[in-house]
Amino acid sequence: MINIYISVINGVDGYINKLIGLTEQIREVRLDYWFNEVVFTTNWWFLLLLSIIPWVLWIKFIDPKRLFETLFYGSLISIYSILLDDIGSYYLCWIYQYQLVPISSRLNPVDLALMPVTYMVVYQYFKSWKTFLLPSPFYHLELHSCSNHFLNGCIFTDQYIGI
């Protein structure tokens, strides 16, 4: 019985060691690509501005009376956006050619700035959840459609046939 257990552990260790080796190779290639092809390009500067400008505008237009609930809603949008982006990237539905930082496979300026700030601004103009949720499917579809076309037009993604 002990020999079976040891062989199972060795088999798992073999897979883990292979995964670690492949992850190290991916990291090296990703860093090399980012330093040589991405950083300080026009698209990289655009992503940097896309990370900063929405928050500056949000600070200017936020309603301080509803700050907590608006930030909470924005946090939920960020989590949702990150989750969907990670799932799509994992299944190679898309790959982002340009990233602000090389440590993630997602487009962080969109997931952490553009999406939450846009939805928080829309949210704050409705006085209650009831009035907010009724038209929300329509403006969610419109915002998603506009941002997808805009970012794809800026050549930030390579589209793949996924799932």
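By convention here, the first residue in the shown sequence is residue 1.
- Ring geometry for Tyr96 against Trp94 counts as tilted: the plane angle lies between 30° and 60°, on a 0 to 90° scale.
- Between the side chain of Asp85 and the backbone N or O of Ser81 there is no donor-acceptor pair closer than 3.5 Å.
- To the nearest 0.5 Å, the span separating CG on Leu47 from CG on Leu114 amounts to 10.5 Å.
- Between Phe40 and Trp45, the ring planes lie tilted relative to each other; the angle falls in the 30° to 60° range.
- Contact record, Ser51 with Leu100: OG-CD2, 3.3 Å, taken as the closest heavy-atom pair.
- Under the 4.5 Å side-chain heavy-atom criterion for Ile, Leu, Val, Met, Phe, Trp and Tyr, Val39 and Ile52 are members of the same hydrophobic cluster.
- Residues Ile82 and Leu112 meet the side-chain proximity criterion, which asks for heavy atoms closer than 4.5 Å.
- A heavy-atom distance below 4.5 Å is found between the side chains of Leu22 and Lys18.
- Residue Ile87 holds its CD1 atom at 8.0 Å from OH of Tyr91, rounded to the nearest 0.5 Å.
- Listed here is the closest heavy atom pair of Val38 and Gln99: CG1-O, 3.5 Å.
- By the criterion of side-chain heavy atoms lying less than 4.5 angstrom apart, applied directly or through intervening Ile, Leu, Val, Met, Phe, Trp or Tyr residues, Tyr73 is grouped together with Val122 in one hydrophobic cluster.
- Once rounded to the nearest 0.5 Å, the distance linking CZ of Arg30 with CD1 of Ile103 reads 9.5 Å.
- Here the OG1-CG distance, from Thr41 to Asn36, works out to 12.0 Å after rounding to the nearest 0.5 Å.
- Summarising the geometry of Val121 relative to Tyr125, their closest heavy-atom pair is O-CD1, 2.9 Å, with the distance given to 0.1 Å.
- Taken together through direct or relayed side-chain contacts under 4.5 Å among Ile, Leu, Val, Met, Phe, Trp and Tyr, Leu71 and Val56 form parts of separate hydrophobic clusters.
- Using a 4.5 Å cut-off between side-chain heavy atoms of Ile, Leu, Val, Met, Phe, Trp and Tyr, with links allowed through other members, Leu48 and Phe35 fall into the same hydrophobic cluster.
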Please walk me through it: do Glu69 and Tyr123 pass side-chain hydrogen bond (donor to acceptor under 3.5 Å, both in side chains)?
-> CA-CA 10 Å; Glu69 65 184 276; Tyr123 170 74; 2.6 Å; yes

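- Using a 4.5 Å cut-off between side-chain heavy atoms of Ile, Leu, Val, Met, Phe, Trp and Tyr, with links allowed through other members, Leu31 and Leu107 fall into the same hydrophobic cluster.
- Side-chain atoms of Arg106 never come within 3.5 Å of backbone atoms of Ser89 as a donor-acceptor pair (strictly under, hydrogens ignored).
- Counting all heavy atoms, side chain and backbone alike, Ile59 lies closest to Ile62 at O-CG2, 3.6 Å.
- Taking OG1 of Thr23 as the reference point, atom CZ of Arg27 lies at 8.5 Å (rounded to 0.5 Å).
- Nearest approach of Leu67 to Trp58, heavy atoms of both residues: CD1-CH2, 3.7 Å.
- Proximity of a side-chain donor or acceptor of Tyr33 to a complementary backbone N or O of Gln97 within less than 3.5 Å is detected.
- Rounded to the nearest 0.5 angstrom, Ile26 CD1 and Leu19 CG are separated by 9.5 Å.
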